[in-house]
Amino acid sequence: MNNTSVAVKPFTLELKGVRPYMFTSMFVAFAIGLPVIAHLAGAPVRYMLPMHWTIILAGLVYGKKGGALSGFVTPSLSFMISGMPYLPMLLPMTIELTAYGFIAGYLRENLKMNSFAAIAIALIAGRVLFLLTVLISGSFAGNIQDYTYNAFMPGIFAAIGQIVILPFAAKWIIAKERE
């Protein structure tokens with residue numbers, strides 16, 4: 001009988017050492033830079049959600065710690081650099097993006113869930129947390145039904161794009177880092 005065991009590679013990369021933190025910093029830089037470029041180009045950022053893409057990708061690549069760290073620092077750094085997101089949205093977006101990165105990373109790293117499902121669950125949970133934070137903090141005006149619709153619907157195509165594209169991007173990055 002053969003007692004050789006096959007080493008199973010983790011679903012995410014370990015956030016340990018200088019290189020992973022430098023790579024995570026690149027995710028943060030892209031999460032700050034992409035919205036700035038989109039705003040300057042007059043692109044509809046509420047429909048594209050440029051900051052969200054790289055935070056979810058950070059979670060898929062570097063697990064819950066890398067995703068949460070990226071999601072937590074990005075809105076504040078972005079605000080200090082560009083003034084965006086607007087101050088009333090800073091706390092809700094920080095909670096939302098931290099949740100996106102943590103949940104996507106946790107579901108991949110700990111529960112070994114496929115990336116497509118991990119992203120979908122992270123997107124729903126993060127957006128619900130965003131909405132609850134906005135409601136609790138009173139950071140919105142108007143009626144709640146309209147605000148809820150406007151919080152979820154404009155980014156639906158970006159969310160679908162994230163679910164379809166990001167698993168392949170994460171797989172490619174992880175494979176390149178393991179070479």
Side-chain angles (χ1 to χ4, degrees), residues 27-28 30-64 66-79 81-111 113-170:
F27 284 127
V28 171
F30 278 114
I32 293 169
L34 291 174
V36 169
I37 292 167
H39 279 290
L40 290 173
V45 293
R46 287 182 48 118
Y47 292 86
M48 298 169 57
L49 304 175
M51 193 176 279
H52 301 61
W53 289 75
T54 54
I55 301 304
I56 293 167
L57 187 57
L60 294 176
V61 172
Y62 284 108
K64 62 184 179 277
L69 177 64
S70 299
F72 183 74
V73 301
T74 296
S76 294
L77 287 175
S78 180
F79 178 76
I81 293 167
S82 70
M84 298 296 285
Y86 294 121
L87 192 55
M89 290 295 114
L90 186 58
L91 177 63
M93 281 192 67
T94 300
I95 291 170
E96 174 188 35
L97 291 173
T98 302
Y100 285 159
F102 177 82
I103 294 168
Y106 179 82
L107 294 174
R108 284 294 290 152
E109 181 178 13
N110 295 84
L111 300 184
M113 187 176 286
N114 77 60
S115 295
F116 302 100
I119 294 168
I121 292 168
L123 286 170
I124 293 166
R127 192 41 59 135
V128 167
L129 288 171
F130 170 85
L131 189 57
L132 289 173
T133 307
V134 166
L135 294 174
I136 291 167
S137 68
S139 298
F140 79 100
N143 88 33
I144 188 63
Q145 290 84 7
D146 289 342
Y147 191 85
T148 302
Y149 179 83
N150 289 325
F152 278 93
M153 294 316 291
I156 195 76
F157 291 113
I160 292 167
Q162 291 163 1
I163 293 167
V164 171
I165 296 168
L166 291 179
F168 299 106

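Numbering of residues begins at 1 and proceeds along the displayed sequence.
With rounding to the nearest 0.5 angstrom, the CZ atom of Phe27 is 12.0 Å from the CD1 atom of Ile56. Expressed to the nearest 0.5 Å, how far CD of Gln162 lies from OH of Tyr100 amounts to 7.0 Å. To the nearest 0.5 Å, the span separating OH on Tyr62 from CG on Leu57 amounts to 10.0 Å. The line from CG of Leu34 to OG1 of Thr54 is 6.0 Å long, rounded to the nearest 0.5 Å. His39 contributes atom NE2, which lies 10.0 Å from atom CE of Met48 (distance to the nearest 0.5 angstrom). To the nearest 0.5 Å, the span separating CD1 on Ile165 from CD1 on Ile163 amounts to 11.0 Å.
When the side-chain hydrogen bond (donor to acceptor under 3.5 Å, both in side chains) test is applied to Thr133, no partner is found at least two apart in sequence or on another chain. Ala99 meets the side-chain contact (heavy atoms from CB on, under 4.5 Å) test with Ile103, Leu129; sequence neighbours excluded. Every residue meeting the side-chain contact (heavy atoms from CB on, under 4.5 Å) condition with Ser137, not counting sequence neighbours, appears here in chain and number order: Ser139. Applying the side-chain hydrogen bond (donor to acceptor under 3.5 Å, both in side chains) rule to Thr94 yields no partners; only residues at least two apart in sequence or on another chain are considered. Shown here are the side-chain hydrogen bond (donor to acceptor under 3.5 Å, both in side chains) partners of Asn150, two or more places apart in sequence or in another chain: there are none. The ring pair (Phe, Tyr, Trp, His ring centres under 6.0 Å) check on Phe140 picks up Tyr147, with sequence neighbours excluded. Remark: Phe157 pairs with no residue by the ring pair (Phe, Tyr, Trp, His ring centres under 6.0 Å) rule, at least two apart or across chains. For Leu111, the side-chain contact (heavy atoms from CB on, under 4.5 Å) partners are Tyr106, Leu107, not counting sequence neighbours. Residues meeting the side-chain contact (heavy atoms from CB on, under 4.5 Å) test with Pro167, sequence neighbours left out: Ser115, Phe116, Ile119. With sequence neighbours left out, Asn110 forms a side-chain hydrogen bond (donor to acceptor under 3.5 Å, both in side chains) with Lys64.
Remark: the backbone N or O of Ile144 is paired with a side-chain donor or acceptor of Thr148 at under 3.5 angstrom. Proximity of a side-chain donor or acceptor of Trp53 to a complementary backbone N or O of Leu166 within less than 3.5 Å is not detected. The backbone N or O of Ile55 lies less than 3.5 Å from no partner atom in the side chain of Ser70, so there is not a single donor-acceptor pair.
Listed by first and then second residue, the salt bridge (charged side-chain N to carboxylate O under 4.0 Å, His left out) pairs that reach into residues 147-166 come to none, sequence neighbours excluded. Sequence neighbours left out, the pairs with a member in residues 126-144 that pass salt bridge (charged side-chain N to carboxylate O under 4.0 Å, His left out) are Glu96-Arg127.
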Does the pair Phe152 and Leu131 meet the rule for a side chain to side chain contact (heavy atoms under 4.5 Å, CB included), with working shown?
-> CA-CA 9 Å; Phe152 278 93; Leu131 189 57; 3.8 Å; yes
Where do Met113 and Ile121 land on the side chain to side chain contact (heavy atoms under 4.5 Å, CB included) test, with the steps shown first?
-> CA-CA 10 Å; Met113 187 176 286; Ile121 292 168; 3.7 Å; yes
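In terms of heavy-atom proximity, Ala118 sits nearest to Arg108 at CB-CG, 4.2 Å. Here the shortest heavy-atom pairing between Ala38 and Val45 reads CB-CG1, 3.5 Å. Among all heavy-atom pairs drawn from Leu49 and Gly155, the shortest one is CD1-CA, 3.7 Å. In this structure, Ala122 and Ala104 approach most closely via the heavy-atom pair CB-N, 3.7 Å.
Using a 4.5 Å heavy-atom cutoff, the side chains of Met84 and Pro35 are not in contact. The closest side-chain heavy-atom distance from Phe130 to Ile95 is not below 4.5 Å.
Each of Leu97, Leu135, Val134 was evaluated against Pro92; a single residue qualifies, Val134, per the side-chain contact (heavy atoms from CB on, under 4.5 Å) test.
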